[in-house]
2 protein chains.
Amino acid sequence: MKGYDRYAYEPFAVTVDLAVFTVRGGALHVLLIRRGQEPYEGAWALPGGFLLPRESAETAARRELAEETGLPEAVVAGLHLEQLRTYSEPDRDPRMRVVSVAFTALVPDLPEPAAGGGGDADQARWVPVGEAAGLAFDHALILGDARSRVGAKLEYTCLATGFCPPEFTLGELRSVYETVWGTALDRPNFRRKVLATPGFVEAVPGAARLTGGRGKPAALYRAGPATALHPPLLRPTEGHPK
Amino acid sequence: MKGYDRYAYEPFAVTVDLAVFTVRGGALHVLLIRRGQEPYEGAWALPGGFLLPRESAETAARRELAEETGLPEAVVAGLHLEQLRTYSEPDRDPRMRVVSVAFTALVPDLPEPAAGGGGDADQARWVPVGEAAGLAFDHALILGDARSRVGAKLEYTCLATGFCPPEFTLGELRSVYETVWGTALDRPNFRRKVLATPGFVEAVPGAARLTGGRGKPAALYRAGPATALHPPLLRPTEGHPK
DNA sequence: TCTTTAATAGTCACCCTGACTATAAACAGG
DNA sequence: CCTGTTTATAGTCAGGGTGACTATTAAAGA
């Protein structure tokens, strides 16, 4: 706060931008909206918006998330939402100086294409991250940073369960890792590792899921109370031959 | 950017705050300045200041760091500086709405008490983190977050060398870990681990340090090109008995 | 000279991990 | 109805990293 009263300070516009991920059909998807006006009219962009006068960035991010996904407030309140970083390059918005606090969120595969509800976005859609090109502003950079962060977080936190419905099989959980990391994991080893981590998942007392797809029916699990993974679940040979 | 032209947006003041750490005499220290005016006049605070009109937060943070520490620009340009997170609670500053982007920096033990140079702070001082109480604004929260981050980063990155002078002994490096983590580490095991990680440190071709302190003279090392630690160097029993 | 301190070398057992094999239980198709 | 495919689950085995520990060397200080 040095110089607080000495420098003339410039007012900035402050926004939040959200990189909302889900796993759908074996591919990592991100929620994008189509811009309805200049600049970048017609281009796809990350959802987001201005902070209201008495809102923190976290509050604004959760509000925007609820508006864009159409999820009920109660559900949104329980979702994993995390500050990524703040983007403040002077020319990131061609009209004026905008500082944006970026967030990352993980949601299970939603039944509807999202954003039919209260959102005032022109159009909203889940897009495979590989196909998200030509994003407005510096949103490609933000998306890249968010993608890296999510991949890294899977290694040493339990938040992969955030991509899963309330009850899931170990196969579904493994497919989250395989989808985000883009690598295949050994089934028995993954199972051993997850079950050996106390508090990561807990078995559902009821029966096993029956005629889901092909193959032997799998047991159902719920997310456990743990948040960190010790020791971590490292992705294979991530450029570093272990 | 949804609603960009729909909501009336409120202008905010944007600042950077810096948690600058160093290891000195077996204790983790943080750089604090004494506030010269209200609010919190006379209280200690993290160094920081407003973004200039065409500055990014990163640029502003590095500029403030140079001003506060009195280090030459060339040195500051090479220091490790990392965004921590953005603090945007509406009432974090009693006068007006201020959004602050917080950064963490690691510096070697500086010869001078710092901030005699170009800084316009009332007074600047290195303070052991344990004795930093009654900080202005939400700076105690920021300091706590920064401290956690630094501790965690030591586990899976090489940035402990950022606390060391250009050439250092393994004992000095180990003392960085012990100081930040507050735990004792086994000497031989630490040595084995560090030397087994390619690119973490590299031996200095010259001779060993001679009459430093007591004990057998130690070999000198430099920071290597690696930035990540695979596998990580986990702190002992960090609540999770491995 | 003897003690203390720190650096360095080396040992050993345990556990985690990756790689792999085997069995069970569903479905698809002929 | 049988067979092949798919997935879940159980289990084995060797190698590597780690924690715990001992031993040796080389300096400073009393």
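The sequence lines fix the lettering, A, B, ..., with proteins before strands; numbering per chain opens at 1.
Summarising the geometry, the separation between CG on A:Leu233 and C1' on C:dG18 is reported as 13 Å, rounded to the nearest angstrom. Between the CG atom of B:Leu185 and the P atom of D:dC21 there is a distance of 15 Å, given to the nearest Å. Rounded to whole Å, atom P of C:dA6 lies 8 Å from atom CZ of B:Arg174. For B:Phe190 and D:dG17, the CZ to P distance is 17 Å, given to the nearest whole Å. The distance from atom CD of B:Glu172 to atom C1' of C:dA6 is 13 Å, rounded to the nearest whole Å. Look at CG on A:Leu173: it is 11 Å from P on D:dA8, rounded to the nearest Å.
Applying the side chain to side chain contact (heavy atoms under 4.5 Å, CB included) test between A:Phe103 and each of A:Ile142, A:Leu84, A:Val16 identifies A:Val16 as the sole match.
Using a 4.5 Å cut-off on side-chain heavy atoms (C-beta onward), B:Leu81 and B:Glu58 make no contact.
Remark: A:Lys193 is not in phosphate contact with C:dC16, judged by side-chain N or O atoms under 4.0 Å from OP1 or OP2.
For B:Glu167, the side-chain hydrogen bond (donor to acceptor under 3.5 Å, both in side chains) criterion is met by B:Arg222, not counting sequence neighbours.
With no hydrogens or angles considered, no side-chain donor-acceptor pair links A:Thr22 and A:Asp109 at under 3.5 Å.
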Problem set entry | Test log, rule side-chain hydrogen bond (donor to acceptor under 3.5 Å, both in side chains), inputs A:Asp145 and A:Tyr87 | CA-CA 11 Å; A:Asp145 290 347; A:Tyr87 296 81; 2.5 Å; yes

Pairs under 3.5 angstrom only: tabulate donor-acceptor contacts from the side chains of residues 157-164 of chain A to other protein residues two or more places apart or in another chain.
residue: A:Thr157; atom: OG1; partner: A:Lys153; partner atom: O; Å: 2.6
residue: A:Thr157; atom: OG1; partner: A:Leu159; partner atom: N; Å: 3.4
residue: A:Thr161; atom: OG1; partner: A:Cys158; partner atom: O; Å: 3.0

Between the protein and nucleotides 9-11 of chain D, list every N/O to N/O distance that falls short of 3.5 Å.
residue: D:dT9; atom: OP1; partner: A:Ala219; partner atom: N; Å: 2.9
residue: D:dT9; atom: OP2; partner: A:Arg191; partner atom: NH1; Å: 2.5
residue: D:dT9; atom: O5'; partner: A:Arg191; partner atom: NH1; Å: 3.1
residue: D:dT9; atom: O5'; partner: A:Arg191; partner atom: NH2; Å: 3.4
residue: D:dA10; atom: OP2; partner: A:Arg191; partner atom: NE; Å: 3.2
residue: D:dA10; atom: OP2; partner: A:Arg191; partner atom: NH2; Å: 3.2

